[in-house]
Protein chains: 2
Amino acid sequence: METRTLTARTPADGAQAAGRDIPEATVARLPEYLRALTALAERGIGTCSSDELAAAVNVNSAKLRKDLSYLGSYGTRGVGYDVDYLSYQIAREIGLMQDWPVVIVGIGNLGHALANYAGFGSRGFRVVALLDAAPELVDETVGGLVVRPFDDLEAVVADGPVAIGVIATPAGAAQEVVDRLVAAGITSILNFAPTTLAVPAGVSVRKVDLSIELQILAFHEQRKGSPVVQPLAREASA
Amino acid sequence: METRTLTARTPADGAQAAGRDIPEATVARLPEYLRALTALAERGIGTCSSDELAAAVNVNSAKLRKDLSYLGSYGTRGVGYDVDYLSYQIAREIGLMQDWPVVIVGIGNLGHALANYAGFGSRGFRVVALLDAAPELVDETVGGLVVRPFDDLEAVVADGPVAIGVIATPAGAAQEVVDRLVAAGITSILNFAPTTLAVPAGVSVRKVDLSIELQILAFHEQRKGSPVVQPLAREASA
DNA sequence: TAGATTGTTAATCGATTAACAATC
DNA sequence: TAGATTGTTAATCGATTAACAATC
C-alpha cells in the first residue's frame, strides 16, 4: 500500500470498468463512508479494516466491501484500507474534486438556517445566491450574502454556472419555483418544501421532509406499543 | 361507497390480518399518499382512482395499489377511492389519531427553524420542550416555548410522556445527547446532526442529512457531464 | 509460512411492476 | 350488460449477506 500510485489502468483492468453504473443504494452510502473516514483521519488513524469502518457507519462489512468494489480495488488484503487514499477515491467518485455552486430559494426560517449552515461550504458546495420573492426580505444580508429578488434567477445563472437549486419555499410556491429553475438550466434540485415536484427527465430531485420522517417514526412507535418497548431486548448495536 | 361504515371485522376477514407487517418501503410512502389526498380534499375532490393518486405522487399505480392493499381493501372496483375515507384509514395506520409529544435538543439556527415550523404541529406532533446545553440560549423564547437547560430532560420526561426526540445539535454532541434521550426512555429519534448514531435495539432512528443529499446530487450531476444534460430528452414526467 | 483481510460469488431477501381476474 | 378500476398474482429486478478463494 505504501507504494500506491495513480497508475494508468490498462483496458484489461476491471477497476476502470467498475467505475460505471454504481447502484443507487451504494451511491447513497458513499458520503457516509467518507464522513466516517474523515473522522478517523482526524483521530490520526491511518489504516482501517472493512469491519472497523462498517462498524462506524452501522452497516454490514460485506455490504461495505461490496459497495467499495464498485469503485475499484482500493484495499490491501490482510491489511485493510489506507484512510487518506480511500477518502480521496470516494471523494473523487462522488464528484467532490470540483466546486458545486448552489442557489437557495426561499429565505424564511429554514432558508436562513441553510444560508448560515457552515457545513454547507465544507465539501465544495458554495452558495452563490439567496433568492426570495418577498420584497421585504430582499436586500437583507444572511450568512454573508445579500438576498436578491427571485426574478434575478436568470441573471444569477447568466453570471456563472449554478449546479444545484435548493427549494426552501412554502409548498404552494415550490412547483412554480422548480419550473423556473429547470427552465434556467439547473438540473439538480434539493427540495425542502413538503410537496411532490414534477420535473422533466434528466433533472434530479432529492427531498428532505421533516413531516414524513416524523410520521414514519410515529408508525413504528405506535407498533411498539406501550409495554413492549424493546422487541429484541438484550442485543445493543455498537 | 356512500354507505361505508366502520363495521367490526370478523376473524375470517383478510383486511384485519393485512394490518400486520407493512413493508418499510410502503410505510415511507404512506405519508406522501396522505399528503396528496389532503391536497385533493382541499380542492373539493371526493373520489380518485389509483392512476390519479399515483400521478400526484409520481409513483407507478400498481405500486400504489399494492401499498394500499397492505392496509386493507378501501377502494371500490370500477370507481376508485373515497378521498376522505382513504385519508382516514392511512392516518389511522400511521398513528396520527393520537398526539406525539416531541422534544427538540439544540436550539441553534436549525433548532430555531424547527421550533418555528408551523407544519410541525399540523399532524399531531406537539413540541413540548426545547432544550439546549448553552446557558446563553436558556430562557430565550422560541416559537412560543422557553428554552430549558438540557439537564432538565429527565424532568421534562417525568412531567409527561415524550415520544420523539429531535437532535439539532452539532455532530460532536449528538451521541451524548441520544444516549441521554434513550436513557430517559425515548425510543424514537430524528437526527439532524451529521453523524451516525449508535442506539440499542428497539430504538428507531431516522436521519435528515443535507450534506449527504447534496453529495448524492453532485454524484449524478457529475455523471451527466456538461454536454449530455438530458439523458432521455423528450419524455417529461407529469 | 501463518494470520489477516479483501474482493467476489452465489444464495437469499425484499421491492417493483405488468398483467389480469374479480367485481363494482 | 358494458366499462372501469381495484386487489392480487407472478415474474422481474435490485439489494443484502454469508461464505470463501485470493492474496497481502
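A note on names: the letters A, B, ... follow the listed sequences, proteins ahead of strands, and every chain is numbered from 1.
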Rounding to an integer number of Å, can you tell me how far Lys63(B) NZ sits from dT6(D) P?
17 Å
Out of dT5(D), dA18(C), dT9(D), which has the shortest distance to the side chain of Ser49(B)?
dT5(D)
Ignoring backbone atoms, test whether Tyr74(B) places a side-chain nitrogen or oxygen under 4.0 Å from the OP1 or OP2 oxygen of dT5(D).
no
What is the pairing partner of dA4(C), taking Watson-Crick or G-U wobble pairs with both distances under 3.5 Å in any strand?
dT23(D)
Indicate whether OP1 or OP2 belonging to dT16(C) is found under 4.0 Å from a side-chain N or O atom of Arg29(B).
yes
Between Asp21(B) (CG) and dC13(C) (P), how many Å, whole number?
14 Å
Among dC20(D), dA15(D), dT16(C), which nucleotide sits nearest the side chain of Arg65(A)?
dC20(D)
What integer distance in Å separates Glu52(B):CD from dT5(D):P?
8 Å
Taking side chain as C-beta onward, heavy atoms only, is Gln215(B) less than 4.5 Å from Trp100(A)?
no
Using a strict cut-off of less than 4.0 Å between a Lys/Arg side-chain nitrogen and an Asp/Glu carboxylate oxygen, indicate whether Lys224(A) and Glu221(A) qualify as a salt bridge.
yes
Measure CG/Leu30(A) against C1'/dA15(D) and give the value in whole Å, please.
15 Å
Starting the side chain at C-beta, find the nucleotide from dC24(C), dT16(C), dG7(D) nearest to Tyr81(B).
dG7(D)
Is any N or O donor-acceptor pair between the side chain of Arg77(B) and the base of dT5(D) shorter than 3.5 Å?
no
Provide, to the nearest angstrom, the distance between the CG atom belonging to Asp67(A) and the P atom belonging to dG7(C).
12 Å
So what does Ala62(B) hit on the nucleic acid, given a heavy-atom distance under 4.0 Å: a base, only sugar-phosphate, or nothing?
base
Between dG7(D), dT16(D), dT9(D), which nucleotide has the shortest distance from any of its atoms to the side chain of Lys66(A)?
dT16(D)
OP1, OP2 of dG14(D) versus side-chain N and O of Tyr70(A): anything below 4.0 Å?
no
Thr187(B) vs Ser204(B), side chain to side chain contact (heavy atoms under 4.5 Å, CB included): CA-CA, chis, key distance, verdict:
CA-CA 6 Å; Thr187(B) 55; Ser204(B) 312; over 6 Å; no
Could you check how far CG of Leu71(A) sits from C1' of dG7(C), rounded to whole Å?
13 Å
Across all strands, who's sitting opposite dT12(D) as a Watson-Crick or G-U wobble pair, both distances under 3.5 Å?
dA15(C)
Looking at side-chain heavy atoms only, is the closest gap between Asn58(B) and Leu197(A) below 4.5 Å?
no
Between Pro23(A) and Asn60(A), who's closer to the 5' end of DNA chain D by nearest nucleotide?
Pro23(A)
Closest non-hydrogen atom pair between Ser211(A) and Arg35(B), with its separation
CB-NH2, 3.9 Å
Test log, rule side-chain hydrogen bond (donor to acceptor under 3.5 Å, both in side chains), inputs Ser69(B) and Arg65(B)
CA-CA 6 Å; Ser69(B) 77; Arg65(B) 290 197 300 277; over 6 Å; no
Distance check needed: dT16(C) P versus Glu24(B) CD, whole Å only.
11 Å
Length of the CD1-P vector between Ile22(A) and dA15(D), whole Å
12 Å
N/O (side chain, Ser50(A)) to phosphate O (OP1/OP2, dT6(C)) under 4.0 Å:
yes
